[in-house]
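Here is the structure we will look at, set down as structure tokens.
Here is the naming used below: chain letters follow the sequence lines, and residue numbers restart at 1 for every chain. Note: hydrogens, waters and symmetry copies are ignored here, and every other heavy atom, side chains too, is used.
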There are 2 protein chains.
Amino acid sequence: MSRRPTIVDVARVAGVSKSTVSNVLQNSPLVRAETRAAVERAMGELGYVYNRAAANLRGVDVGLIGLVINDLRNPFFTEFAASAQMAFAERGYATVIANTDETPEMQARVIASMIEHGVSGFLISPTYVDDEEGLEVVRRAGLPAMQVLRRIDHRTEVFPFATLDYEAGGRLATEHLLSLGTRRIAFVGGLENRPVTLERTAGYAAVMGEAGLPTFAVHGRPSRAFGRDMALRLHAEHPEIEAVLCFSDLVALGMLAGFAEAGVRVGRDVRLVGFDDIEEAALAWPQLTSVRCDVARFGREAAAAMLEWIGDGVQPQENRLAPVELIVRASSAGDV
Amino acid sequence: MSRRPTIVDVARVAGVSKSTVSNVLQNSPLVRAETRAAVERAMGELGYVYNRAAANLRGVDVGLIGLVINDLRNPFFTEFAASAQMAFAERGYATVIANTDETPEMQARVIASMIEHGVSGFLISPTYVDDEEGLEVVRRAGLPAMQVLRRIDHRTEVFPFATLDYEAGGRLATEHLLSLGTRRIAFVGGLENRPVTLERTAGYAAVMGEAGLPTFAVHGRPSRAFGRDMALRLHAEHPEIEAVLCFSDLVALGMLAGFAEAGVRVGRDVRLVGFDDIEEAALAWPQLTSVRCDVARFGREAAAAMLEWIGDGVQPQENRLAPVELIVRASSAGDV
DNA sequence: CTGAAAGCGCTTACAG
DNA sequence: CTGAAAGCGCTTACAG
């Protein structure tokens, strides 16, 4: 574990000055081809590795992006994080990822830590915080940051916000269920008063209202367990419900299990629609109709917007809604 | 976006030298309480943030760990990554995470990038590579690295290996099925000749052999889709099979869907056991018997071992097997 | 096209 | 207990 070679070592071996080595590193057009070759040979010989910390000190972009995720274990966010990370990697950026587990304290700590590490910018899917202090430290550090999927700071002129067009998804799903002739449609899942819940519910409520129908919503943790419980409860207490639009596929998959347990045939006795279209939706039985949110593409686009901001200084638009799409399968439409 | 304050600015405001500021930063016991207080006040006033890159240059541990994951989208690895990351965060370490998507090229690139960023060590769940070059660059950089969950480099004296005791899991599951009276037990899933597959199959094969029973194995991608296909095929072509031990819960959940589709009652007509005990196992219908691999604990322990290595120089033992446990539910035992 | 020199923000002996 | 000085590995004008 001897000292790692530096540009000075490379320079000595290549018989040039360290400035020249640095120029090679910078891909400067100034340096002659033979010189470059000699330097590169020396690097290979010595096993030289670039020291970004040193470069950073001189004010160069370190090539590090901070990715702060409220719940990395949720497949939806995992997909987002993985897609964004890989898009960054393709452009030569490494990604510091942290799971805040929905705790504001964790979020504050990891953001502070990432600033210390000199990240060039942030993509943050934030935890809901009471105070508006959440992202203030980022602004003070003068770092570009985008809020994705959840907006906790209303200053979108400072922290541009990008998400999927959930409201449109809610509309599409509800219109679909109406078109099948169902009238008594419930909305299940999603924590009350969360922006995401409000958006997903809004499209549903709007379409129901336009059709002159009453809404019926039960909110709660968007988990499989909640879905299962609600399926059993709806079956027992509200057998009149003909269709359910779920806050998320996790809830819908839980309801699928709960209905199976209760002997209710999904797609026939009751129509079920999920939200997100995670991989499993197509593999469940019956297959789950769902609002597809192409989160992989969303992740790549968010990464691209961030890099454009860092690289060319073009700040992303304040609010960006990525389109969604309804994927119809057997859980809502019977034997399709 | 003016220049960020440095220790020199803090020193000026606090009326001390920059050495003293640095001593405060290092929590040196040398500095007087009042001086420390004055320095901390100045830091707060200026919004000072520590610059780790600069500290790193002086040879201090940057507090960055590299986490290289072959498939971050797989919930099993997500859980591992999230647990490890959070354990590192608790000890003040940030984590650079990269998904290599099972490609050796990606793996080589992200490892190189992390070395440039000055990580203090690696936790690597590697991609299978043909050449043995995979981790060589890490060794040359003199960095500590553990292989987790998959061993691609046999030099465990250099790259200690830690995984879960899959063979014991296979034994437990097979003994359980035998104890229920089933004799024709198949093993489904897992890519052929992968170490993980071999380990998970080994326990099954050993117990079957001891019981004087023949083995029957079908290998393939450990995905839901594969599981569903195999359920349909087994039902059609091998109705004599009484029980199935799956390579993973994903395969088992796929089989659950496939059997449902085929009208086969799992837990009665056929007994099914999964592997990993992901959250969904307990929420499927029927609930899935599974070999529980406490990957969250495994992630925390791997992180702890890494930090001990970095901090105190104690290299982890060469091969470490974390215990597993069989969780019996309805898919194998009927109405339990 | 190449080299000598200054400086990025910190830490670390060392002297006081 | 505190400060002056050197140096970590790089980049960046600038002079040649």
Base of C/dG7, side chain of A/Arg58 - is there a donor-acceptor contact under 3.5 Å? yes

In the structure I gave you, are the side-chain heavy atoms of A/Phe76 and A/Leu149 within less than 4.5 Å of one another anywhere? yes

For B/Asn70 and B/Thr100: C-alpha separation, side-chain torsions, deciding distance, then whether side chain to side chain donor-acceptor pair (under 3.5 Å) applies. CA-CA 5 Å; B/Asn70 55 296; B/Thr100 60; 6.0 Å; no

Atom CG of A/Asp61 and atom P of D/dC10: how far apart are they, to the nearest Å? 17 Å

Check this for me, if you would: do A/Arg155 and A/Glu157 make a salt bridge, where the nitrogen-to-carboxylate-oxygen distance has to be below 4.0 angstrom? no

Can you see whether B/Gln85 engages B/Thr95 through a side-chain donor-acceptor pair at a distance of less than 3.5 angstrom? no

May I have the distance from A/Asn23 (atom CG) to D/dT12 (atom C1'), rounded to whole angstrom? 9 Å

Return the value, rounded to whole Å, for the distance between atom CD of A/Glu116 and atom C1' of C/dG9. 13 Å

Heavy-atom closest pair, residues A/Ala38 and A/Ala14: O-CB, 4.0 Å

If you compare all heavy atoms of A/Val31 against all heavy atoms of A/Arg36, which two are closest, and at what distance to 0.1 Å? CG1-NH2, 3.6 Å

Figure out the CG/P separation between A/Asn56 and D/dC8, and round it to whole Å. 19 Å

Between atom CG in A/Leu30 and atom P in D/dT11, what is the gap in whole Å? 14 Å

Looking at C/dC1, D/dC10, D/dC1, which one has an atom nearest to any side-chain atom of A/Thr35? C/dC1

Does one side chain, of A/Gln107 or A/Thr103, offer a donor that lies under 3.5 Å from an acceptor on the other? no

Taking the side chain of A/Arg32 as its heavy atoms from C-beta onward, which of C/dT11, C/dT2, C/dG9 lies nearest to it? C/dT2

Value in whole Å for how far the C1' atom of C/dC8 lies from CG of A/Asn51: 13 Å

Interatomic distance where CZ belongs to B/Arg52 and C1' belongs to C/dC10 [whole Å]: 13 Å

Is the closest side-chain heavy-atom distance between A/Ile152 and A/Tyr128 below 4.5 Å? yes

Quick check on contacts: within residues 14-22 of chain B, what sits under 4.0 Å from DNA chain C by heavy-atom distance? B/Lys18, B/Ser19, B/Ser22

Is a side-chain donor-acceptor pair under 3.5 Å present for B/Arg4 with B/Asn51? no

Stems involving DNA chain C: give each as a range paired with a range, ordered by first number, where a stem means at least three consecutive Watson-Crick or G-U wobble pairs under 3.5 Å. C:1-3 with D:14-16, C:5-12 with D:5-12, C:14-16 with D:1-3

Provide, to the nearest angstrom, the distance between the CD1 atom belonging to A/Ile7 and the C1' atom belonging to C/dT2. 14 Å

